[in-house]
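A, B, ... follow the sequence lines: proteins, then strands. Residue 1 opens every chain.
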Amino acid sequence: MALDKNFDAASAEAKWRVVWEEEGAFKAGANASREETFCIMIPPPNVTGVLHMGHAFNNTLQDILTRWHRMRGFDTLWQPGTDHAGIATQMVVERRLAEAGEPGRRDLGRDAFLDKVWEWKAQSGGTIIQQLKSLGSSCDYSREAFTMSGAPNAPEGNEGNFHDAVIRVFVEMYNKGLIYRGKRLVNWDPHFETAISDLEVENKEVAGHMWHFKYPLAGGETYTYVEKDADGNITLEEERDYISIATTRPETMLGDGAVAVSPKDERYAPIVGKLCEIPVGPKEHRRLIPIITDEYPDPDFGSGAVKITGAHDFNDYQVAKRGNIPMYSLMDTKGAMRADGEPYAEEADTAQAIANGEQDFSEAMIAAMNLVPDEYRGLDRFAARDKVVADITAEGNAVMIANPKADEDGAPATIPYVENKPIMQPFGDRSKVVIEPMLTDQWFVDTDKIVGPAIDAVRNGDTQILPERDAKVYFHWLENIEPWCISRQLWWGHQIPVWYGIAVSDEDAERVGIPPSSGEFQAFCAPTFKEARVIAEKYYGCKVAEAEGDDWKWEFSQEDESKDVMTLFRDPDVLDTWFSSGLWPIGTLGWPEETEALKKYFPTDVLITGFDIIFFWVARMMMMQLAVVDQKPFHTVYVHALVRDEKGKKMSKSLGNVLDPLELIEEFGADAVRFTLTAMAAMGRDLKLSTQRIAGYRNFGTKLWNATRFAEMNDAVGIDVSKEGSAQYTVNKWIIGEVGRTRIAVDSALEQYRFNDAANVLYAFVWGTVCDWYVELCKPLLQGDDAAAKAETQKVLSWVIDQCLILMHPIMPFITEELWDATSDNRAKRLVHTDWPTYGDELIDAAADAEMNWVVSLIESIRSVRSEMGVNAGAKLPLLLLGLDEAAQGAFDRNRVMIERLARLDGVSTVAEAPKGAVTIPVQGGQVCLPLADVIDVAAETARLSKAIDKLDKEIKQTSGKLNNPKFVANAPEEVVNENREGLAAAQAERDKLMGALERVEAL
RNA sequence: GGGUGAUUAGCUCAGUUGGUAGAGCGCUUCGUUUACACCGAAGAUGUCAGGAGUUCGAGUCUCUUAUCACCCACCA
């Protein structure tokens, strides 16, 4: 079958996608010829996501490694699947419901809403997998996994045990005390009304204000406020009846528990221990808070006094815990000021008692207290802020400063002190709203207890992170790790397997063997309610049932104690998505079952991922796998760059600079996109992509196609070559050696994850060596009269093309498979399964190499002279040989037909002396001349020669300078010294020849 | 505030243990010679950010300055 002139990427890709899958080419273990396994876990994309450039890049690299290993006979598994992506997916479904005008999440209720999510998953969940296929990813799709598979509410088609694995891990970790529940200050997303982890918060600098307010001292007390400069001179001394505090968040004032100053701050020493009043709300509602000392306030910042709002600020939280300061929650789940219950108005003596530390509220009581006065209730936090500022200012409790515009008409002499300053503000990475620190009950992984093995594994080399600098990032994060908040107040996810009833006593918990309650409820943790009930029944000594709603109750039977029933309610929260994806390696292989796949492929080999999820995912997988099965999940983590646009900007929809990989695949073909990404995969921080570059590599595919077409036209394809390296002709010996070198270079690059090196080696070999030289050199042999030469060249060319296809296949699978198929009817296997070669140095023939170098450099020199002398490209010139030594003469004779053709020569003769007007060209072992008497331009030739001589002079000066330096000769390795000596001799010889040529030209 | 990285041809970037600077694109000139114009041939272009040091020798190692980027972080 004859190849078309052009490669039709789209139809070839469509065809091979189907064939490969139908033939099971990608199944685990396909083409395995050895025991060793190779397993890659795909970083699971969001189930409702679409393929973006980052995925394309990431999966191209994974596919290269997978295909390479599969061809090498490894028992290979590339495990695919998707992630349920809690927040992201719930957000999408809620938005779709809203757009469709359907009832929202709250109206639907939990079960009905989850049905909607599953529907959406069924509808869009296959998209990204299909897109991976169009990229050519050779995953074992029959094993596609999903992090929510096997969930109790999963519809048909989502069987599997991932859910079981997640729940089981939770239970085990809970029982080992690695997971606990507690009231902590967490990052709260008021849009999604859920807690999120530190990592899901993006701190951004925004323009903010810092207000300065007076907190009046209780009972109208006064003190002398003294400020001194660095030398101790008094710069300000005045009587004050207030303490000045600075804040960027006035709306949290209602929840203040104290004002803190530095213990070293002499200005406030007189009033430490006294009380001051929070100047917000109706007078009868105001609270007094103590002035305390703490190391946290910086005397040089603001006024040196900090209001402490333990429930709404992470620093204040620490201060409040240290100082036993009450923490009052002011806001609801939407970030509005609380409106629940009765507003709590404190009696003056109660305030005093609290301030004195004499009144001790329980945490629960404090949480229930609503300190928000009527006029603030229900206000959004930002509206509340405005109102607080306005109210305080109106009442005269703002600190006033001189008005810089006091001169202007009607301007007041003083104005409230408000600093405009940039402040760092936390935003939810999904919702983009300002995150609110909130004091809530959440589940945490006690990361301190499981982080050790994850650090050790990388430190002692069990798992290697590449490039190494990313290991530093990994260490830094893990060594400073915070407890991991894993509960989310969402519905889409793995519901926490914990049921609650009223707490009876710690002794009962101990008796039953469960962790004691941390509050008014006792938790029973088990994979199913059935199992939880068993524990609970022991604990209560009565029957236990599951509540319909979210409240517990204890039903007493009057006559028969054995009919008492305790009703438990289930924790409504779900687990952080990263908790489940942290179990991806073992979960996809069937853990906790002892599956064949698990035994065979775990620990897996390489994880390929972007640096943006080192913390989110890589670190968590390390911790979780080590905690659960006590084994590292993979031996190598290859961290790749982020794909950016050609200007280096991060691709984002809002910037409109997104390159859609699917569109690119359509325009240039998947192979071109893959090759581009591979060629740019140097271990760096980012990767800039331009369509021009993709077009360049599309052309490369076409080049390969046409080289194969040339071979086909010359009956040089699909020839069965049983043994490599058997050739008589120099050019064939030489190219066989080049193939050997290329295979070594490609393997070595891939072994070191130097994908770009592999791509560049192949590009240079296929285009630069095979197409530019070997194919051209073949032509006179294939089209000449020497039957033996022709036959051998056909065989070798066929073999060379096959090797190109094999070596290129991991990067450009489609075009190579197509050519492999089209060029022979007798292939033993598909290319995707063809054995990767192991030949190498033994194919190199040093003599052939040297000879071809001589030939190539002769051709290049002649071409160069022709071009510079303005010889018509089509014209054929005679060539004169001058004083060639035996080796040079032999090389010339053996390759004469090729030289004549490539240098466009007509007739060769040997002369004793260069004729007048001939351009001489120095070659190793002699000179050659082109008689250009008619066309030679004396000035141009003089210039050419002078320039070449200048260049040589420079080189000679440099090299001889080095060689004349005794220290160089003494210290440099012998090799380097010899290189320089040889270089100098060669340069001098060439210079002599050129000088001779110059003299002759000048004589014209 | 801490950390990491970057600074090499007009552009985008390679450059693995120090040994005479590379690629792609772009540019210039020539050429349709039956694989390929998504092509071929020939060419031009760099104080390797600045400074200092180690060394026989530095784009590469050390220090330093400048600019940029990213990550982490609680300054009210």
From the list A:Thr252, A:Thr247, A:Asp316, A:Asp313, side-chain hydrogen bond (donor to acceptor under 3.5 Å, both in side chains) with A:Lys307 holds only for A:Thr252
Exercise for review: Apply the test ring pair (Phe, Tyr, Trp, His ring centres under 6.0 Å) to residues A:Tyr763 and A:Tyr697: give CA-CA distance (whole Å), side-chain angles for both, the deciding distance (0.1 Å), then the verdict.
Suggested key: CA-CA 9 Å; A:Tyr763 187 96; A:Tyr697 290 119; 5.5 Å; yes
Closest to the side chain of A:Asn756, out of B:G5, B:A14, B:C74, is B:A14
Exercise for the section: Would you classify A:Pro966 as touching base, sugar-phosphate or nothing, given that sugar-phosphate means primed atoms plus P, OP1 and OP2, and contacts are heavy atoms under 4.0 Å? Expected result: nothing
Please tabulate, one pair per line, each protein N/O and nucleotide N/O from nucleotides 41-43 of chain B that are separated by under 3.5 Å, including the distance.
residue	atom	partner	partner atom	Å
B:A42	O3'	A:Ser864	OG	3.4
B:A42	O2'	A:Ser867	OG	3.0
B:G43	OP1	A:Ser864	OG	3.0

Task: Under-4.0 Å side-chain N/O to phosphate OP1/OP2 contact, A:Asn699 with B:C36 - done: no
For this session: For ring pair (Phe, Tyr, Trp, His ring centres under 6.0 Å), just list the numbers for A:Tyr638 and A:Phe755, CA-CA rounded to whole Å, side-chain angles, deciding distance to a tenth of an Å, and then say yes or no.
Result: CA-CA 11 Å; A:Tyr638 175 82; A:Phe755 297 96; 5.3 Å; yes
| Under a 4.0 Å N-O cut-off, is there an ion pair linking A:Arg249 with A:Glu251? | yes
* Asked: Looking for any heavy atom pair under 4.0 Å, which part of the strands does A:Asn965 touch: base, sugar-phosphate only, or nothing?
  -> sugar-phosphate
Those residues at least two apart in sequence (or on a different chain) that pass ring-ring contact (aromatic ring centres under 6.0 Å, His included) with A:Trp188 are none
| task | Could you verify whether a donor N or O on one side chain and an acceptor N or O on the other, from A:Ser748 and A:Gln752, lie under 3.5 Å apart? | result | yes
I'd like a table of atom pairs between the protein and nucleotides 18-20 of chain B - only N or O on both sides, under 3.5 Å - with the distance next to each one.
residue	atom	partner	partner atom	Å
B:U20	O2	A:Gln958	OE1	3.3
B:U20	O4	A:Glu955	OE2	3.4

Picking from B:A76, B:A14, B:A37, the nucleotide nearest the side-chain atoms of A:Thr247 would be B:A76
Here the distance between atom C1' of B:A76 and atom CZ of A:Arg385, to the nearest Å, is 13 Å
| task | Please determine, by modelled atom types, if A:Asn980 and A:Thr959 share a side-chain donor-acceptor pair under 3.5 angstrom. | result | no
Just checking A:Arg249: base, sugar-phosphate only, or nothing, at a heavy-atom cut-off of under 4.0 Å?
nothing
key: pair A:Phe611-A:Ile614: side-chain heavy atoms closer than 4.5 Å   = yes
Classify A:Phe700 by what it touches in the nucleic acid, base, sugar-phosphate, or nothing, heavy-atom distance under 4.0 Å. nothing
Ranking A:Phe7 and A:Phe615 by the position along RNA chain B of their nearest nucleotide, the one closer to 5' is A:Phe7
note: A:Glu202, atom CD; B:C70, atom P; distance rounded to Å ~ 12 Å
- prompt: Across the strands shown, which category fits A:Lys779 at heavy-atom distances under 4.0 angstrom: base, sugar-phosphate, nothing?
  reply: base
In whole angstroms, the gap separating P of B:A14 from OH of A:Tyr763 amounts to 18 Å
Query raised in the report: How far does the P atom of B:U29 sit from the matching atom of B:G15, given to the nearest Å?
Result: 34 Å
With sugar-phosphate meaning primed atoms plus P, OP1 and OP2, does A:Arg698 contact a base, only sugar-phosphate, or nothing at under 4.0 Å between heavy atoms?
base
Euclidean distance for C1', B:U64 against B:C56 (whole angstrom): 26 Å
Looking only at B:A76, B:G5, B:U12, the nucleotide nearest the A:Lys421 side chain is B:A76
In residues 673-682 of chain A, what donor-acceptor pairs under 3.5 Å come from side-chain atoms, sequence neighbours left out?
residue	atom	partner	partner atom	Å
A:Arg674	NE	A:Ile811	O	2.9
A:Arg674	NH1	A:Asp63	OD2	2.8
A:Arg674	NH1	A:Leu135	O	3.0
A:Arg674	NH2	A:Asp63	OD2	2.7
A:Arg674	NH2	A:Pro810	O	2.8
A:Thr676	OG1	A:Ala672	O	2.6
A:Thr678	OG1	A:Arg674	O	2.6

Please tell me if the side chains of A:Phe710 and A:Lys779 come closer than 4.5 Å, counting only heavy atoms from C-beta onward.
yes
When rounded to whole Å, the CD to P distance for the pair A:Glu482 and B:C72 reads 14 Å
Taken to the nearest whole Å, CG/A:Leu782 to P/B:U33 is 20 Å
- Task: For B:G50 versus B:A9, give the span between their P atoms, rounded off to a whole number of Å.
- Result: 11 Å
Picking from B:A76, B:C72, B:C30, the nucleotide nearest the side-chain atoms of A:Ala873 would be B:C30
Taking donor-acceptor contacts at under 3.5 Å, does the side chain of A:Glu776 reach the base of B:A35? yes
In this structure, CG of A:Asp671 is separated from CD of A:Glu13 (nearest 0.5 Å) by 5.5 Å
Are any non-hydrogen side-chain atoms of A:Trp705 and A:Glu818 less than 4.5 angstrom apart? yes
Any heavy-atom pair between the side chains of A:Val418 and A:His212 that's under 4.5 Å?
no
Can you tell me if A:Lys5 touches the phosphate of B:C39, counting only side-chain N or O atoms and a distance under 4.0 Å to OP1 or OP2?
no
Neighbour count >12 (heavy atoms, 6.0 Å) for atom CD, A:Glu900: yes
Considering only heavy side-chain atoms of A:Asn706, the closest of B:A35, B:A37, B:U16 is B:A35
Side-chain contact check for A:Arg904: nearest option of B:U33, B:G5, B:C75 is B:U33
Closest to the side chain of A:Gln752, out of B:U16, B:A76, B:U4, is B:U16
Ordered by number, residues from residues 299-306 of chain A within less than 4.0 Å of RNA chain B (heavy atoms) are A:Phe301, A:Gly304, A:Val306
Within the structure shown, what part of the strands sits under 4.0 Å from A:Trp211 by heavy-atom distance: base, sugar-phosphate, or nothing? nothing
Between the CG atom in A:Asp772 and the CH2 atom in A:Trp767, the distance rounded to the nearest 0.5 Å is 8.0 Å
**Prompt:** Under a 4.5 Å cut-off applied to non-hydrogen side-chain atoms, are A:Tyr268 and A:Val259 in contact?
**Reply:** no
Is the shortest side-chain heavy-atom distance between A:Thr769 and A:Tyr774 below 4.5 Å?
no
- prompt: Between B:G40 and B:A35, how far is it from one P atom to the other, in whole Å?
  reply: 13 Å
Considering only heavy side-chain atoms of A:Arg754, the closest of B:C72, B:C74, B:U16 is B:U16
C1' spacing across the pair B:C63 / B:G26, given as an integer number of angstrom:
39 Å
The nucleotide from B:A76, B:C72, B:C36 with an atom nearest the side chain of A:Arg709 is B:C36
Q) Can you find a side chain N or O atom of A:Trp767 that sits less than 4.0 Å from OP1 or OP2 on B:G40? A) yes
Note on RNA chain B: ranges paired as stems (three or more Watson-Crick/G-U pairs in a row, both atom distances under 3.5 Å) are B:1-7 with B:66-72, B:10-13 with B:22-25, B:27-31 with B:39-43, B:49-53 with B:61-65
